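Take a look at the structure set out below.
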Amino acid sequence: QQQQQQQQQQQQQQDDNAHTAATDVYFKSDLYKDVISIVRSGPSTTDSLIWPNAFEILAHSLRSRNGFRHVTQNLGLFSDLIISDSKKRLSEFKKRTMIPSLSVADRLSVIHHFLLGARRSGELQCFSPILDSTRVSVNPSSSSELLRSILECCELGLLDNNNDNQLKAMAVHGICLLATCVCDLAVHTLNKIENNSNSSSRKIPVLFSVLEKRLVDVAKLAEEDTSYGPVKISAIVGVANFVGNNYKGKSMPSAANNFVGNKYKGKSMPSAANKDNRDNTNINNNTNKDTNNTGNTSKILQDLKTKVTARLGMRCIVKYIASPFEDLANASYTLLRNIATHTWGLEAIAHTAGLLESLLDRENGAGSAKNAYEWRFAVLQALSVTIKLHKISDRYIDGSTQERIAEFVKQGPHYKEPAAPQVKIATDTR
């Protein structure tokens with residue numbers, strides 16, 4: 001088995017090297033230069049397919065680490081594509097060059113592929129200005145200007161006067177994807193924001209403040225939008241990804257792993273979790289570590305997660321998990337499960353009247369959506385792990401309720417109480 005694993009690793013390394021060599025050749029070719037030239041020129045008035053096809057090729061190049069590095073060597077390309085119309089004429093005057101004019105939807109598509117490429121490749125340094133005010137630059141080709149353009153474009157999408165739900169959903173997705181990139185970067189750089197307990201002396205970078213406002217807008221949309229549709233789903237999924245599953249990819253305490261270790265070993269549980277990630281990404285939520293556990297994520301980011309969750313409202317989440325619409329219920333359960341992996345989330349759940357009793361009610365507490373029982377179990381399992389890892393849990397959940405949660409997890413999601421034996425009473429019959 002060890003030899004097979006070594007051979008597989010060697011083969012994977014050879015494949016990676018071959019792919020890197022092939023992409024190096026491509027990025028030096030005239031074909032790549034032509035693609036960049038077409039993308040820079042903007043949508044064609046004579047052939048409507050030229051620009052979308054060229055951009056699709058460019059977006060595909062962003063999906064690998066090597067490709068992302070090559071394409072983003074000039075961040076000015078993305079700034080030009082995303083820049084708002086109000087700044088376009090001034091920028092054209094300074095550069096003496098024409099900048100492509102894209103619709104808000106096209107610009108949001110550019111943002112989507114750029115952020116998705118950053119997450120997949122792990123190339124996150126361009127997001128540093130959001131965490132570190134000393135790295136903000138007014139250079140139009142700098143990452144700070146690109147980030148300003150991204151935030152401005154997403155704001156345009158959120159404030160769309162035509163009530164285009166698809167456009168708003170794209171803007172919501174862009175904001176939350178940017179926020180998860182920032183969380184990943186904060187872990188990799190080990191607290192670029194000062195983790196100072198005295199909030200009055202802590203200087204918040206300007207770009208971070210703008211991101212905070214947009215995230216609160218997203219939570220507001222999820223809570224206030226009465227219609228069931230893509231905006232609400234995107235908002236809840238986006239907040240769930242931003243909050244993060246603190247135990248993703250980690251081994252859980254054995255006492256909480258009795259059931260999962262057998263039935264769900266090596267599987268993601270429940271399978272519907274992957275369905276909510278509409279961008280087809282595997283979000284590495286294990287990078288969003290709890291400040292009370294590892295201290296790697298800045299307290300300011302944890303405060304923001306708490307603030308966004310509070311704006312959405314726990315009662316709103318409780319209402320949505322009981323929704324008959326599967327995607328809305330699954331998205332809300334994803335968020336509740338992720339909240340349960342944080343100590344501040346445990347406190348929020350404990351302080352939501354009736355929530356724990358409802359989750360522990362095997363007859364009626366799960367909801368009517370498909371996979372509701374598995375999702376309810378995932379929430380209680382995460383809560384059980386948080387209780388075992390943090391003594392502070394005793395302040396919010398009493399001992400008897402903790403025992404009920406542990407017993408629920410041990411029994412599994414589909415356990416049913418055995419029926420009481422029926423005693424037949426003898427009667428005089430002829």
Side-chain angles (χ1 to χ4, degrees), residues 119 169 172-173 175-177 179-180 183-184 215 218-219 221-223 225 228-250 252 260 264 267-290 304-306 308-342 344-346 348-349 352 355-356 358-359 365-386 409 413:
R119 295 222 69 204
V172 164
H173 176 77
I175 291 168
C176 294
L177 194 52
T180 52
C183 286
D184 290 351
L215 281 170
V218 168
L221 271 177
E223 189 268 332
D225 187 7
Y228 163 75
V231 177
K232 186 182 292 291
I233 301 299
S234 295
I236 296 174
V237 171
V239 173
N241 286 336
F242 170 60
V243 169
N245 177 0
N246 202 34
Y247 304 133
K248 181 84 170 178
K250 298 179 182 179
M252 293 176 293
V260 180
Y264 293 106
K267 300 179 182 179
S268 59
M269 199 284 301
S271 58
N274 293 328
K275 190 173 182 179
D276 290 324
N277 292 332
R278 301 303 177 93
D279 56 357
N280 296 322
T281 61
N282 273 332
I283 303 298
N284 293 324
N285 290 319
N286 56 308
T287 57
N288 297 331
K289 302 182 186 298
D290 198 317
L304 179 55
K305 292 179 182 182
T306 308
V308 171
T309 303
R311 180 59 187 86
L312 175 58
M314 291 298 296
R315 292 191 177 278
C316 187
I317 298 171
V318 172
K319 180 176 69 174
Y320 291 160
I321 64 175
S323 170
F325 298 106
E326 181 182 344
D327 49 358
L328 178 58
N330 288 349
S332 302
Y333 261 125
T334 303
L335 175 55
L336 187 60
R337 188 272 316 274
N338 288 357
I339 289 172
T341 65
H342 300 273
W344 57 264
L346 180 145
I349 291 173
T352 303
L355 176 54
L356 279 176
S358 176
L359 291 172
S368 59
K370 185 180 179 181
N371 295 323
Y373 285 92
E374 288 84 355
W375 272 117
R376 188 257 303 273
F377 174 76
V379 173
L380 290 171
Q381 181 198 33
L383 203 60
S384 176
V385 177
T386 305
V409 172

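For clarity, every value in this text was computed on a predicted model and none was experimentally measured.
Using a 4.5 Å heavy-atom threshold, the side chains of D184 and R119 count as touching. No side-chain heavy atom of I317 sits under 4.5 Å from any side-chain heavy atom of Y333. Residues I321 and L335 are not in side-chain contact: their nearest non-hydrogen atoms beyond the backbone lie 4.5 Å or more apart. Between K305 and I339, every side-chain heavy-atom pair lies at or beyond the 4.5 Å cut-off. For the pair C176 and V218, the minimum side-chain heavy-atom distance is below 4.5 Å. A heavy-atom distance below 4.5 Å is found between the side chains of L355 and M314. The shortest side-chain heavy-atom distance between W344 and V243 falls under the 4.5 Å cut-off.
For the atom pair CZ (F377) and OG (S384), the distance works out to 9.0 Å, reported to the nearest 0.5 Å. In this structure, K232 NZ and S332 OG are separated by 8.5 Å, a value rounded to the nearest 0.5 Å. For the atom pair I236 CD1 and N241 CG, the distance stands at 12.0 Å (nearest 0.5 Å). Atoms CG and CG, from L380 and L359 in turn, are 5.0 Å apart once rounded to the nearest 0.5 Å. The NE2 atom of H342 lies 7.5 Å from the CG atom of N245; values are rounded to the nearest 0.5 Å.
Closest heavy-atom contact between L312 and E223: O-CG, 3.3 Å. The shortest non-hydrogen separation linking L328 to S323 is CD2-OG, 3.6 Å. Nearest heavy-atom pair across A222 and Y320 is O-OH, 2.9 Å. Contact between A340 and V379 at its shortest, heavy atoms only, is CB-O, 3.9 Å.
Judged by distance alone, with hydrogens and angles left aside, the side-chain atoms of S234 form no donor-acceptor pair with the main-chain N or O of V231 at under 3.5 Å. A donor-acceptor distance shorter than 3.5 angstrom exists from the side chain of T352 to the backbone of A348, with no hydrogens or angles considered.
With sequence neighbours excluded, the residues satisfying side chain to side chain contact (heavy atoms under 4.5 Å, CB included) with A329 are A369. By the side chain to side chain contact (heavy atoms under 4.5 Å, CB included) test, V308 pairs with L215, A219, V239, F242, L304, sequence neighbours left out. T309 meets the side-chain hydrogen bond (donor to acceptor under 3.5 Å, both in side chains) test with no other residue; sequence neighbours excluded.
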Please assess W375 against T334 for the test side-chain contact (heavy atoms from CB on, under 4.5 Å), listing each intermediate value before the final yes or no. CA-CA 8 Å; W375 272 117; T334 303; 3.1 Å; yes
